[in-house]
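Have a look at the structure below, then the notes.
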Amino acid sequence: MEAFEGLDDDVFAAGAPEAPSAGKPPAARTAAQEPPPEEPGRRDDFAKGRRGRTVTGIVAAAIATVLAAVVAGQMATERREDPPSAGGVDRTDPGKESQADGRPGPAEPPGALPMTYEQQMAQIFQLDPKLKGSGKLSAVAGHDKAPGSGQKLTYRVDIEDGIGLDGKLFAEAVQKTLTDKRSWSNDGVRTFERVSSGPVDFVITLASPATTAVWCAKSGLDTTEDNVSCDSAATERVMINAYRWARGAETFGPEKMHLYRQMLINHEVGHRLGFGHVGCPRDGAPAPVMMQQTKFLTTGDATCRPNAWPFPKG
């Protein structure tokens, strides 16, 4: 077989005759020397398969290269867009990430405590001083029994529909204020019971400035000049101006909103009980609850301190 080394594969495969030795006839091929006949199409199929595998390898390598470039680009973009500081979004915080891309953040953690009554009463709410409400007044549901002894006065709490204030909080404030020992229940002279239907002695009403003015005008009172409240004595209604309930007054300031709301209730109910306006008795004294504290704290040379109670010492 050494005689065939170095010959072109194609020539060998084509069966070219072997060169005869000088002076000798050509020797017959033995079976071992004769290459087996090649099956038709085998070499072509092999060549095609080899070329196919080569093309497939090239395509796979190209795809891998492209994917690597895409991944590298994304990583670089994230590093540029998500610096660890400088006021950007911290990607380790899923809540911040959700808020940054417009999706809602995580809900309040379970067990978060609701605001206390005192905290709610200290809040200031937004309300237009010229708000004109629907005029429709609805009773706040619920029943608060009269505690203690004395003359029982029954009342209902109404709120104007659509003014955006919490009627239940208002009703709770009225009952807690009127039954406080510093209020008109002092020494068991009287007590108050809230109902939502049936006969009542009066109705405490939380209404917009415009609606308050309408009801106060029924009793000859003008509340528009200073946006105040009133006891509309010719009707069953004690009117609490929603603007004052929401925003308070300069005389008390934002830090005394709870105290101011208690004063509003006690002052207007005091009118319903028959008490009139008084001035500041002496400089530095607690203002009498029947003083017009929404407007001023000074009478003559005497300036009083804000006060919500008829009987401050209880």
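Quick caveat, the model's predicted, so the values are computed rather than measured.
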Donor-acceptor contact present, side-chain Asn307 to main-chain Ala287, <3.5 Å: yes
Polar contact flag, side-chain donor to acceptor under 3.5 angstrom, Ser183-Asn266: yes
Under 3.5 Å donor-acceptor, Gln119 side chain and Thr116 backbone: yes
Pair Asp231 + Arg237, salt bridge at N-O below 4.0 Å: no
side-chain contact (heavy atoms from CB on, under 4.5 Å) between His271 and Val238, intermediate numbers included: CA-CA 9 Å; His271 282 310; Val238 173; over 6 Å; no
Shortest non-hydrogen contact between Ser229 and Asn241, atoms and distance: OG-N, 2.9 Å
Atom CD of Glu255: over 12 foreign heavy atoms under 6.0 Å: yes
Heavy-atom pair with the smallest gap, counting every atom of Lys218 and Ala234: O-CB, 3.9 Å
Under 3.5 Å side-chain donor-acceptor pair for Asp161 and Ser138: yes
Candidate pair Arg190 and Leu153, rule side-chain contact (heavy atoms from CB on, under 4.5 Å), full reasoning: CA-CA 7 Å; Arg190 61 184 67 83; Leu153 297 176; 4.2 Å; yes
Hydrophobic cluster identity match, Phe125 and Phe252, side-chain contacts under 4.5 Å: yes
salt_bridge(Lys130, Asp128) N-O dist < 4.0 Å: no
Between CG on residue Asp283 and CZ on residue Arg305, distance to nearest 0.5 Å: 10.5 Å
Plane angle bin for Phe275 and Trp184 - parallel if under 30°, tilted between 30 and 60°, otherwise perpendicular: parallel
Cluster link Met257 to Leu264, ILVMFWY, side chain under 4.5 Å: no
Heavy atoms of other groups near Gln123 CD, more than 12 under 6.0 Å: yes
Test item: side-chain donor near acceptor, Thr211 and Glu160, under 3.5 Å: yes
Worked check of side chain to side chain donor-acceptor pair (under 3.5 Å) between Thr177 and Gln262: CA-CA 6 Å; Thr177 298; Gln262 292 168 322; 4.6 Å; no
Donor-acceptor under 3.5 Å (His258 side chain, Ala122 main chain): no
Within residues 281-314 or reaching into it, pairs that qualify as ring pair (Phe, Tyr, Trp, His ring centres under 6.0 Å) - sequence neighbours excluded: none
Inter-residue atom distance Asp158.CG - Ile204.CD1, 0.5 Å rounding: 10.5 Å
Nearest atoms (heavy-atom pairs only) where Thr154 meets Pro199: CG2-O, 4.0 Å
side-chain contact (heavy atoms from CB on, under 4.5 Å) between Leu169 and Met121, intermediate numbers included: CA-CA 8 Å; Leu169 176 64; Met121 286 290 284; 4.2 Å; yes
Same cluster (ILVMFWY, side-chain, under 4.5 Å), Leu165 and Met115: no
Side chain to side chain donor-acceptor pair (under 3.5 Å) involving Lys152 - partner list, sequence neighbours excluded: Glu193
Side chain Thr299, main chain Cys280, donor-acceptor under 3.5 Å: yes
CA sep, side-chain torsions, deciding dist, call: Ile163, Leu131, side-chain contact (heavy atoms from CB on, under 4.5 Å): CA-CA 8 Å; Ile163 61 174; Leu131 176 65; 4.2 Å; yes
Heavy-atom check, side chain of Thr251 versus side chain of Pro306, under 4.5 Å: no
Euclidean distance, Ser208 OG relative to Met239 CE, rounded to 0.5 Å: 8.0 Å
Check: Leu178 main-chain N/O paired with Ser185 side-chain donor or acceptor under 3.5 Å: yes
Any donor-acceptor N or O pair under 3.5 Å, side chains Tyr155, Gln175: yes
Residues Lys176, Glu172: salt bridge by 4.0 Å N-O rule: yes
Glu236 side chain vs Asp201 backbone, donor-acceptor pair below 3.5 Å: no
Side chains of Arg194 and Lys145 in contact at under 4.5 Å (non-hydrogen atoms): no
Any side-chain heavy-atom pair of Pro209 and Pro129 under 4.5 Å: no
Single-linkage hydrophobic cluster Val189~Phe192, side-chain heavy atoms < 4.5 angstrom: no
ILVMFWY cluster, Met263 and Met290 together (side-chain gap under 4.5 Å): yes
Approximate separation, where rounding is to 0.5 Å, of Arg247 CZ and Leu127 CG: 8.5 Å
Least distance between heavy atoms, Ala139 atom then Ser196 atom: CB-O, 3.7 Å
For the student: nearest non-hydrogen atoms of Val140 and Ala171, plus distance: CG1-CB, 4.0 Å
Closest approach of Val195 to His143 (non-hydrogen atoms, all atoms of both residues): CG1-CD2, 3.9 Å
Rounded distance (nearest 0.5 Å) linking atom OG1 of Thr212 with atom CH2 of Trp245: 13.0 Å
Separation between CZ of Phe202 and OG1 of Thr235, rounded to the nearest 0.5 Å: 12.5 Å
Intermediate values then yes/no, side chain to side chain donor-acceptor pair (under 3.5 Å), Thr294 and Tyr260: CA-CA 8 Å; Thr294 294; Tyr260 178 77; 2.7 Å; yes
